[in-house]
Amino acid sequence: MMIDLELSTSLLFCLIPFLFLFFIKTTLTNVFPSSKSTSKIPKSYPIIGSYFSILANKDRRIQWTCDVIQNTSNLTFTLNRPFGFRQIFTANPSNVQHMLKTQFHIYQKGNVLKTTMADFLGDGIFNVDGDIWKYQRQVASHEFNTKSLRNFVETVVDTELNERLIPILATAAAKKTVVDFQDILQRFAFDNICKIAFGYDPAYLLPSLPQAKFAVAFEEAVRLSSERVNAIFPFLWKIKRKLNIGSEKKFGAAVDEVRQFAKELVKEKQRELKEKTSLESVDLLSRFLSTGHSDENFVTDIVISFILAGRDTTSAALTWFFWLISGHPEVESQILKEIKAKSECPVYDEVKDMIYTHASLCESMRFYPPVPIDSKAAAEDNILPDGTFVKKGTRVSYHPYAMGRVEKLRGKDWAEFRPERWLDKDDVSDNWTFVAMDTYTYPVFQAGPRICLGKEMAFLQMKRVVAGVLRRFKVVPVVEKGVEPVFVSYLTAKMKGGFPVTIEERNSTNL
Ligand code: HEM
């Protein structure tokens, strides 16, 4: 704490010359107001760039950058960070297609992001490019074929749903207690993804809501990684890491805990595989080990990335989904109609067919994408289709949150929650058909060669949860009338402070 204070003080001393420059510049600007003074593009000053705007908006980065984008003609702007670093934000679908597909080889994870995330993610799929990425994608893709997905829904998801989630909600309904539904959904997703990744059940979703060590350390590691990624002065965390103090000390401890735990599971699985002649487990870890990879560190990296991918994404999507439908009873009753047309415990094919629910989830993620901003770094100088020049090394971030909200892309009714915008109705049969949106205009799952590998799995899991929960319960938010929950983002989105709800069993009065 003391050393943190000393660091902040030295930083302040370093900033004094910049503050002086800022003072001069502000004075001059006030005397000679620029013609752009009404523009929402943040003001930039020598050396410190737009430091003051960044600082003022540090707790609402996503909303702020979305607002700025709305005010541009090409849905793109450049943010000048301190010390000459630039970051381009874009919600322009042509730019997104250019980055994620046409010029895929230029827009990579990049060294800055890789170094920032290396302690936690190592060489896992989220933190690598080139052949090492290709290899992991190829081996892992088997985990996402139809047979594995069917198995996933019918065993992993259904067990977690029927044996854990539903009983916990039934108890909350009977006792009329307030529960944090976001926390419950995160626990649900964590158990699911650990079973897929390791074939291990952390039993995080139990009635006692335990503080499982591995899950807690993982949460801490994600939160502190995100602080690194969003640091205004990245050199600060590097100094703290060198001195092993403050948040970096905590980060080191959390990462050690996660890696130690994961390594134990890897060793256990290696022993198991040696004893067996054929591969019985279908988890990812077994798959990678059976392709001949015995390097514990590498296999651990791979598995950690997958847990990160599956952990908070579906829970974030579902949290906001349940919030939105609680305020749109007409959508809820359409979904209920669809659920009731399926069997009590819908199997894989039935879940796949839930078109109205699918559209509602897409519509909910348009407003609240689980990964609201995603960045790449240019490996060489380049020009985006809208004419923006990108210097080698510049971070370019596409902005799914803004893309869901700008009028230019979504039309005048963009603020309406309307699943029907994803649907066509056949007048004769009265059946819905899903009309997919181009992935570069709706890059919620990214797009191009690195499109989310778990997209189909995520939809199956979410639809199964929606069917299981809504068939039996009504989820009622405990918030003051007119108060909107706050959308915040670490690496993935969250509802600030959790999602307090009461649960009601459905009966003839609250159908
Ligand atoms: C609603 C749920 C989900 C959303 C919105 C989502 C979104 C995304 C996004 C935006 C990326 C690109 C990240 C980047 O490269 O920076 C991504 C990648 C990925 N996702 Fe998902 N995801 C979801 C669920 C899942 C699930 C359940 C899994 C299963 C394990 C998964 C596995 C992956 C993997 C392996 C990648 C890396 C692909 C690659 O780099 O080639 N995702 N996802």
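Start at 1 and go down the list; that is how both ligands and their atoms are numbered.
Scanning all protein heavy atoms for the shortest distance to atom 37 (C) of ligand 1 gives Phe126 CE2, 4.0 Å. Scanning the protein heavy atoms around atom 9 (C) of ligand 1, the nearest turns out to be Phe445 C, 4.0 Å. Closest protein heavy atom to atom 33 (C) of ligand 1: Ala309 CB, 3.6 Å. Protein heavy atom in closest approach to atom 40 (O) of ligand 1: Arg450 NE, 2.9 Å. What sits closest to atom 10 (C) of ligand 1 on the protein, heavy atoms only, is Val444 O, 3.5 Å. In terms of protein heavy-atom proximity, atom 22 (N) of ligand 1 is closest to Cys452 SG, 3.1 Å. At the top of the distance list for atom 38 (C) of ligand 1, counting protein heavy atoms only, stands Arg137 NH1, 3.4 Å. The nearest heavy-atom contact from the protein to atom 35 (C) of ligand 1 is Phe306 CE2, 3.3 Å.
Counting only N and O atoms by type, the side chains of Asn382 and Tyr107 include a donor and acceptor under 3.5 Å apart. For Tyr401 and Ser489, the side-chain atoms include no donor-acceptor pair closer than 3.5 Å. Between Asn95 and Thr388, the side chains place no donor N or O within less than 3.5 Å of an acceptor N or O (distance only, hydrogens not considered).
Which parts of ligand 1 touch Pro370 is read off a 4.0 Å heavy-atom cut-off, strictly below it: atoms 5 (C). With ligand atoms numbered from 1 in the order given, ligand 1 contributes 30 (C) to contacts under 4.0 Å with heavy atoms of Ile193. Atoms of ligand 1 lying under 4.0 Å from any heavy atom of Ala458, numbered from 1 in the order shown and given with element: 2 (C), 24 (C). Atoms of ligand 1 lying under 4.0 Å from any heavy atom of Trp133, numbered from 1 in the order shown and given with element: 39 (C), 40 (O), 41 (O).
Using a 4.0 Å cut-off between charged nitrogen and carboxylate oxygen, Asp183 and Arg187 count as a salt-bridge pair. Salt bridge absent: Lys496 and Asp59 never bring a charged side-chain N and a carboxylate O closer than 4.0 Å. The residues Glu227 and Arg223 are annotated as salt-bridged, a charged nitrogen and a carboxylate oxygen being separated by less than 4.0 angstrom.
Residue-environment remark: CD (Gln138) stays at or below the threshold of 12 foreign heavy atoms within 6.0 Å.
Side-chain rings of Trp323 and Phe181 stay apart, their centers remaining 6.0 Å or farther from each other.
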Margin query: Could you walk me through whether Lys376 and Asp129 satisfy the salt bridge (Lys or Arg N to Asp or Glu O under 4.0 Å) test, starting with their C-alpha distance in whole Å, then the side-chain angles of each, then the deciding distance to 0.1 Å, before giving a yes or no?
Written below: CA-CA 11 Å; Lys376 309 284 169 193; Asp129 296 302; over 6 Å; no
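At a 3.5 angstrom cut-off on N or O pairs, Gln461 does not count as close to ligand 1. Considering backbone and side-chain atoms together, Thr314 places no N or O closer than 3.5 Å to any N or O of ligand 1. Considering backbone and side-chain N/O of Asp374, one or more are found under 3.5 Å from N/O of ligand 1.
Within the 4.0 Å heavy-atom criterion, the part of Lys109 lying near ligand 1 is the side chain and not the backbone.
In this structure, the side chain of Glu363 engages the main chain of Arg418 through a donor-acceptor pair within 3.5 Å.
When the options Ile307, Leu284, Thr313 are ranked by their closest heavy atom to atom 3 (C) of ligand 1, first place goes to Thr313.
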